[in-house]
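Data block below; observations after.
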Amino acid sequence: MQVLSVTPEIFPLIKTGGLADVTGALPIALAAKGVTVRTLMPGFPTVMAAFKKKRAVLQYPLLQGGKASVHSVQLAGLELFVLDAPHLFDRPGGPYGNATGVDWPDNWRRFAALSQVGGDIAGGAISGYQPDIVHAHDWQSAMTLAYMRYGKAVGVPSMMTVHNLAFQGQFGAGIFGELGLPAAAMALDGVEYYGGVGFLKAGLQAAWAITTVSPTYAQEIRSPEFGMGLDGLINMRSSDLHGIVNGIDTGIWDPETDKHLVSNYTASTLKARAPNRAAVEDRFNLERDDSPIVCVVSRLTWQKGMDILALVVDGIVATGARLAILGSGDAGLEGALLAAAARHRGRIGVVVGYDEGLSHIMQGGCDAIVIPSRFEPCGLTQLYGLRYGCVPVVARTGGLADTVIDANEAAVSAGVATGFQFAPNNGGALLHAIRRLVDAHASPTVWESLQRQGMKADVSWDKSAEKYVELYRSLLSKRVA
């Protein structure tokens, strides 16, 4: 089976969040099940710098304002089609905006170009290659499915995976004339969305199947609260909606072999976590004692519930816990957390920014990780926490609810608990969960059971990859039918 994946990000080449981890790990997991995935992605500077040998398999004299070519590349165990379009992607800053975080005003053009190429490849534009399935990820590649629907690849099965419905790619109606789509596409059952053009909406409308990254999130987005204005369309497509929880790359995230760690360990050698704990204390200037270290590795945003955390940091310190926070985002939240660290020197430490190596050390050295997201399609940091014996404390939403077993009395007695859930998502409930954590940490027997049970959980891609294969097969059967 040949699958064309279209994505703006892929680990280890370009990453701003969990999307890249998924699109980088899933193809490898699928390969073990007889599925060959080739990934089409933009030629951002870091991507183009990662490979020297170029082999153009498709040329465009003019693609959204300039010359472009598609190169077939093998890198890091991945089969890639890289869209080399310097006028669109050779820019400083991040993949979506400049160095100050302001979005590029022509993002619609950049990702329409990516999607147009995806549609062309699906239609057989590359000699000798014809995908059986096209799998698009998030709004940046969602228009691929619209180009397929209104082009040569209308009969090729397609799948749209929503990693976060909050990001939709909404643009004014004025861009439609430059998309190269027929006039009929600018309709309610096409790409039109509240008078403009909706990239994600177009993908959801055209996809043969829709997936989200956890079963609970698949149900949540059918409601007005989580549907972000698209719940009507999603409910209309509910028979084609599937929730498949993400996995993680257990080769990269493995406490027994992780080179980022000061000390490697397993579920049977938990005492070997101690040097990692000491490294966290040093990096975050925390006092050394036996109290639990609760970490945060997150974008500092409203969605991630960081304002809720900021409101109760004084209460968290009062429970006896310490906080180690790594992240960046909203300037007001960064300031509030830095101010809390200044108030509670030795009890709260904050590092503004992102550091991949440090995030591994935190999972390997902290006692718990708190994730108070208002909504969380899947979440990966709680899966890393389970894998590393860093007990998750999570809001009862989306993939967080699907992957963490709450340490209620029955679950603890049965020896199946892996973390702490809390609801409703407010400061009082979060603080109560932290108190439960502190109490559990005071009992070495209970705490080690939580750690070991979490480390036993299957957070790999194996089961989820099998579900994708089953869904691919069902789409192919529809095509034959």
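None of these values were measured; they are calculated from a predicted model. Residues: numbered from 1 along the sequence shown.
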> So, for F111 and W139, is the gap between ring centers shorter than 6.0 Å?
Replying inline: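 Ring centres of W139 and F111 closer than 6.0 Å.
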
> When the aromatic ring centroids of F199 and F171 are compared, is their separation below 6.0 Å?
Replying inline: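 Between F171 and F199, which both carry aromatic rings, the centre distance is below 6.0 Å.
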
With rounding to the nearest 0.5 Å, note down the distance linking [atom1] in [X] to [atom2] in [Y].
| X | Y | atom1 | atom2 | result |
| --- | --- | --- | --- | --- |
| N408 | I405 | CG | CD1 | 10.0 Å |
| R396 | S373 | CZ | OG | 14.5 Å |
| F420 | L430 | CZ | CG | 12.5 Å |
| I248 | L383 | CD1 | CG | 6.0 Å |
| F375 | F226 | CZ | CZ | 8.5 Å |
| K201 | I234 | NZ | CD1 | 12.0 Å |

> Going by the angle between their ring planes, with limits at 30° and 60°, are H135 and Y468 parallel, tilted or perpendicular?
Replying inline: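 The arrangement is tilted - the two ring planes meet at 30° to 60°.
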
Less than 4.5 Å apart, any side-chain heavy atom of [X] and any of [Y]?
| X | Y | value |
| --- | --- | --- |
| L4 | I133 | no |
| I316 | V294 | no |
| L58 | F81 | no |
| S238 | R222 | yes |
| L78 | I28 | yes |
| W461 | D249 | no |
| V57 | R55 | yes |
| R110 | F89 | yes |

Between the main-chain N or O of [Y] and the side-chain N or O of [X], is there a donor-acceptor pair closer than 3.5 Å?
| X | Y | value |
| --- | --- | --- |
| D84 | G43 | no |
| N98 | D103 | no |
| Q64 | Q116 | no |
| E470 | A465 | no |
| Y193 | L200 | no |
| H163 | G17 | no |
| E376 | G399 | no |
| S214 | P377 | yes |
| Y194 | Q170 | no |
| D132 | Q2 | yes |

>> Applying salt bridge (Lys or Arg N to Asp or Glu O under 4.0 Å) to K33 and D462, what does each step give before you reach the verdict?
In response: CA-CA 9 Å; K33 299 183 181 299; D462 187 61; 3.0 Å; yes

>> Run the salt bridge (Lys or Arg N to Asp or Glu O under 4.0 Å) test on D106 and R91 for me, step by step, so that the C-alpha distance in whole Å, both residues' side-chain angles and the decisive distance to 0.1 Å come before the verdict.
In response: CA-CA 12 Å; D106 63 344; R91 303 177 184 182; 2.6 Å; yes

Would [X] and [Y] count as having a side-chain donor-acceptor pair, cut-off 3.5 Å?
| X | Y | value |
| --- | --- | --- |
| N164 | Q303 | yes |
| R374 | N425 | no |
| D258 | H360 | yes |
| Y217 | D402 | no |
| T403 | Q382 | yes |
| Q74 | E79 | yes |
| D458 | S460 | yes |
| S115 | S141 | no |

> salt bridge (charged side-chain N to carboxylate O under 4.0 Å, His left out): which pairs involve residues 175-199, sequence neighbours left out?
Replying inline: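 Listed by first then second residue: R109-E178, R149-D189.
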
>> Show me the pairs that pass salt bridge (charged side-chain N to carboxylate O under 4.0 Å, His left out) and involve residues 9-29, at least two apart or across chains.
In response: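 The answer is K15-D21, K15-E356.
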
>> Pair H71, S69 - check side chain to side chain donor-acceptor pair (under 3.5 Å), show working.
In response: CA-CA 7 Å; H71 300 275; S69 56; 3.1 Å; yes

Heavy-atom closest pair, residues [X] and [Y]:
| X | Y | result |
| --- | --- | --- |
| A122 | P131 | CA-CG, 3.9 Å |
| V197 | G172 | CG2-O, 4.1 Å |
| G357 | H260 | CA-ND1, 3.4 Å |
| G398 | T216 | O-CB, 3.4 Å |
| A142 | M160 | CB-SD, 3.6 Å |
| L188 | Q205 | O-OE1, 3.6 Å |

> side-chain contact (heavy atoms from CB on, under 4.5 Å) with I371: which of L380, V297, T381?
Replying inline: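 Result: among L380, V297, T381, T381 is the only option passing the side-chain contact (heavy atoms from CB on, under 4.5 Å) with I371.
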
>> Assess the residue pair M41 and T23 against the criterion (side chain to side chain contact (heavy atoms under 4.5 Å, CB included)); give the C-alpha distance rounded to whole Å, side-chain angles, the decisive distance to 0.1 Å, and a yes or no.
In response: CA-CA 10 Å; M41 63 176 305; T23 55; over 6 Å; no

>> For a side chain to side chain contact (heavy atoms under 4.5 Å, CB included) check, start with the C-alpha distance between L114 and L40, then their side-chain angles and the critical distance, and finish with the verdict.
In response: CA-CA 8 Å; L114 176 71; L40 171 66; 3.8 Å; yes

>> Applying side chain to side chain contact (heavy atoms under 4.5 Å, CB included) to N426 and I308, what does each step give before you reach the verdict?
In response: CA-CA 6 Å; N426 58 38; I308 298 170; 5.5 Å; no

>> For D330, give me all partners under salt bridge (charged side-chain N to carboxylate O under 4.0 Å, His left out), at least two apart in sequence or on another chain.
In response: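 So D330 forms no salt bridge (charged side-chain N to carboxylate O under 4.0 Å, His left out) with any residue.
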
> How far apart are the C-alpha atoms of I210 and M159, what are their side-chain angles, what is the distance that settles it, and do they pass the side chain to side chain contact (heavy atoms under 4.5 Å, CB included) test?
Replying inline: CA-CA 6 Å; I210 299 166; M159 183 185 297; over 6 Å; no

